[in-house]
Amino acid sequence: MASDHRRVVASAAVASPRRDLADLRDLAIEPSVERAVAAVRGFLGMDVAYATKFVDGQQQFRVLRGEGDSFGMEEGLAVPLEHTYCQRV
């Protein structure tokens, strides 16, 4: 049975408080996973943020915002769970 768990993760950087509030306002007006990931990335000042889905023993990157290439990630990428950080914690 496949489960639909989503997780948002990223790494640290400095963000603009004014831009953060604008992103959160946009999210409140038109909520979506895409806007939520972008808003979280901006609010926390992260290099990359993503939402994943666990399906058939794999972690699938559904939405990714930021510098995914520098971390070897892109939307649509599927990684076996045994190779993920989630399995190790």
Side-chain angles (χ1 to χ4, degrees):
M1 176 191 306
S3 62
D4 185 6
H5 299 287
R6 293 181 189 193
R7 187 176 301 264
V8 177
V9 180
S11 66
V14 177
S16 161
R18 183 174 292 175
R19 183 67 238 160
D20 294 346
L21 294 176
D23 289 343
L24 293 175
R25 181 196 66 226
D26 292 346
L27 176 60
I29 292 170
E30 292 185 49
S32 71
V33 173
E34 292 81 359
R35 286 178 184 255
V37 171
V40 166
R41 177 178 175 250
F43 186 76
L44 297 177
M46 307 218 166
D47 295 331
V48 66
Y50 55 83
T52 66
K53 185 175 181 179
F54 299 160
V55 178
D56 298 327
Q58 295 193 338
Q59 181 180 16
Q60 297 177 351
F61 289 79
R62 309 301 287 170
V63 177
L64 186 138
R65 296 295 178 264
E67 303 298 323
D69 290 342
S70 64
F71 293 92
M73 297 183 282
E74 63 184 3
E75 285 186 359
L77 175 69
V79 179
L81 285 177
E82 62 266 14
H83 296 262
T84 67
Y85 180 75
C86 295
Q87 282 297 113
R88 300 177 192 279
V89 293

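Just so you know, these numbers use all the heavy atoms, side chains as well, and skip hydrogens, waters and symmetry mates. In this chain, numbering begins with 1 at the start of the sequence shown.
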Value rounded to 0.5 Å, distance of CE in Met73 from OG1 in Thr52: 10.5 Å
Closest approach of Leu77 to Gly72 (non-hydrogen atoms, all atoms of both residues): CD2-O, 3.6 Å
Smallest heavy-atom separation, Val37 atom then Ala49 atom, equals CG1-O, 3.4 Å
CZ of Arg41 to CZ of Arg65, rounded to nearest 0.5 Å, is 9.5 Å
Nearest 0.5 angstrom please: Phe71 CZ to Tyr50 OH, how far? 9.5 Å
Can you see which heavy atom on Glu75 is nearest to which on Val63, and at what distance? OE2-CA, 3.5 Å
Who pairs with Glu74 by side chain to side chain donor-acceptor pair (under 3.5 Å), at least two apart in sequence or on another chain? none
Inspect the contact between Arg62 and Glu34 and indicate whether a charged nitrogen and a carboxylate oxygen are less than 4.0 angstrom apart. no
Results of side-chain contact (heavy atoms from CB on, under 4.5 Å) for Glu67 - residues two or more places apart only: Ser70
Does a side-chain heavy-atom distance below 4.5 Å link Thr84 with Phe54? no
